Amino acid sequence: MSAIKQKILLLLFSGITLGLTYHPYRQLKILKSAVKEWKNIGENQLKEEIKKLYRSQLIERKNNPDGSYTFRLTDKGKIKALTYHFQEMKIENKKWDRKWRIVIFDIPEKIRIGRDALREKLKDMGFYEIQKSAFIIPYECQNEIDFIIEFFDLRKYVRFGVLDTIDNELHLKQIFKLSD
């Protein structure tokens with residue numbers, strides 16, 4: 001699938017994300033990002049890609065009484081958008097607020113695939129593995145972790161916490177290149 005198609009699906013998905021986000025700062029960030037990305041797509045290219053998405057049944061078109069159209073993600077389109085969103089998800093390295101975010105899990109062997117995928121995604125996002133099923137990062141990431149847990153359907157096996165201190169903080173500061 002072309003990069004433009006992926007971007008269109010993600011932008012449509014941002015509307016869903018906006019509806020699920022309660023924090024005004026996050027809503028504003030989503031809106032600004034979406035507006036910026038829509039402007040980066042040429043009008044003719046946008047029309048052509050939307051036609052292709054419509055034919056592939058990833059989006060559906062509704063005719064409005066005023067002659068305009070509303071495009072919505074189909075269930076198939078939502079799954080694709082979720083997958084792309086998941087693949088692009090990263091933790092932003094902002095200024096350290098002197099707190100540690102920890103993800104711990106105890107996922108049964110019968111769903112090992114989910115456990116391994118969670119472990120790999122945490123590493124990919126910059127988490128440091130402090131134990132086999134415990135990962136830590138110094139940046140805000142609760143929304144991203146909630147999304148990943150839901151994506152893999154692991155809510156009852158995963159815990160997220162925010163720590164003011166940890167006994168190996170000096171070592172972790174070196175790993176994440178943090179200073180006082």
Side-chain angles (χ1 to χ4, degrees), residues 1-94 101 103 105 107 110-127 137 139-160 162:
M1 180 173 286
S2 76
I4 297 294
K5 280 185 189 174
Q6 289 179 13
K7 188 180 281 191
I8 292 168
L9 284 176
L10 287 171
L11 288 169
L12 290 171
F13 181 70
S14 69
I16 295 169
T17 307
L18 185 64
L20 298 173
T21 303
Y22 300 111
H23 195 277
Y25 174 75
R26 286 261 187 217
Q27 289 175 338
L28 184 60
K29 188 174 177 182
I30 291 168
L31 284 172
K32 283 183 178 180
S33 175
V35 167
K36 179 182 168 190
E37 290 302 322
W38 277 118
K39 288 180 180 179
N40 289 335
I41 302 173
E43 186 177 341
N44 291 335
Q45 195 176 22
L46 176 65
K47 287 178 182 178
E48 187 59 36
E49 293 299 332
I50 286 177
K51 285 179 192 175
K52 289 177 185 175
L53 286 168
Y54 180 69
R55 284 192 300 264
S56 66
Q57 299 178 341
L58 296 176
I59 63 172
E60 58 189 14
R61 182 177 74 181
K62 178 185 171 208
N63 298 333
N64 297 321
D66 65 359
S68 65
Y69 302 107
T70 299
F71 291 95
R72 289 186 293 208
L73 288 172
T74 62
D75 288 341
K76 184 177 170 185
K78 287 176 188 175
I79 290 168
K80 278 271 196 209
L82 276 171
T83 302
Y84 293 136
H85 181 67
F86 176 74
Q87 290 170 348
E88 293 184 4
M89 187 181 295
K90 299 284 182 208
I91 303 296
E92 294 179 28
N93 296 350
K94 299 178 184 173
R101 279 68 179 184
V103 176
F105 52 91
I107 301 170
K110 66 182 179 182
I111 48 177
R112 177 186 196 124
I113 293 172
R115 180 180 65 212
D116 293 345
L118 173 63
R119 184 176 279 120
E120 285 307 309
K121 187 60 183 174
L122 291 172
K123 287 178 185 177
D124 179 55
M125 292 173 64
F127 279 79
I137 199 166
Y139 308 110
E140 174 56 44
C141 60
Q142 185 163 8
N143 289 339
E144 291 86 349
I145 296 304
D146 284 341
F147 180 85
I148 292 167
I149 291 168
E150 292 302 322
F151 188 86
F152 289 120
D153 195 24
L154 299 171
R155 175 67 61 194
K156 63 184 176 180
Y157 308 111
V158 181
R159 295 294 152 265
F160 176 82
V162 180

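Just so it is clear, the values below take in all heavy atoms, side chains as well, and ignore hydrogens, waters and symmetry mates. It should be emphasised that the depicted structure is a prediction, and the values quoted were computed from it without experimental measurement.
With hydrogens and angles disregarded, no donor-acceptor distance shorter than 3.5 Å links the side chain of Q142 to the backbone of E144. A distance-only check finds a donor-acceptor pair linking the side chain of R115 to the backbone of I107 [under 3.5 Å].
Shown here for I91 and M125, the closest heavy-atom pair between the two residues is CD1-CE, 3.2 Å. Closest of all the heavy-atom pairs between G114 and L154 is O-CD1, 3.8 Å. Closest non-hydrogen pair, R159 versus R155, comes out as NH1-O, 3.3 Å. Scanning all heavy atoms of the two residues, the minimum distance from K121 to I148 falls at CG-CD1, 3.9 Å.
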| field | Trace of the side chain to side chain contact (heavy atoms under 4.5 Å, CB included) decision for F160 with R101 | value | CA-CA 7 Å; F160 176 82; R101 279 68 179 184; 3.5 Å; yes

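Rounding to the nearest 0.5 Å places CG of L122 at 9.5 Å from CD of E120. We find the OH-CD1 distance between Y157 and I111 to be 4.0 Å, quoted to the nearest 0.5 Å. Note that NZ of K62 is 10.0 Å distant from CD of E60, once rounded to the nearest 0.5 Å.
With sequence neighbours excluded, the residues forming a salt bridge (Lys or Arg N to Asp or Glu O under 4.0 Å) with K90 are D124, listed by chain and number.
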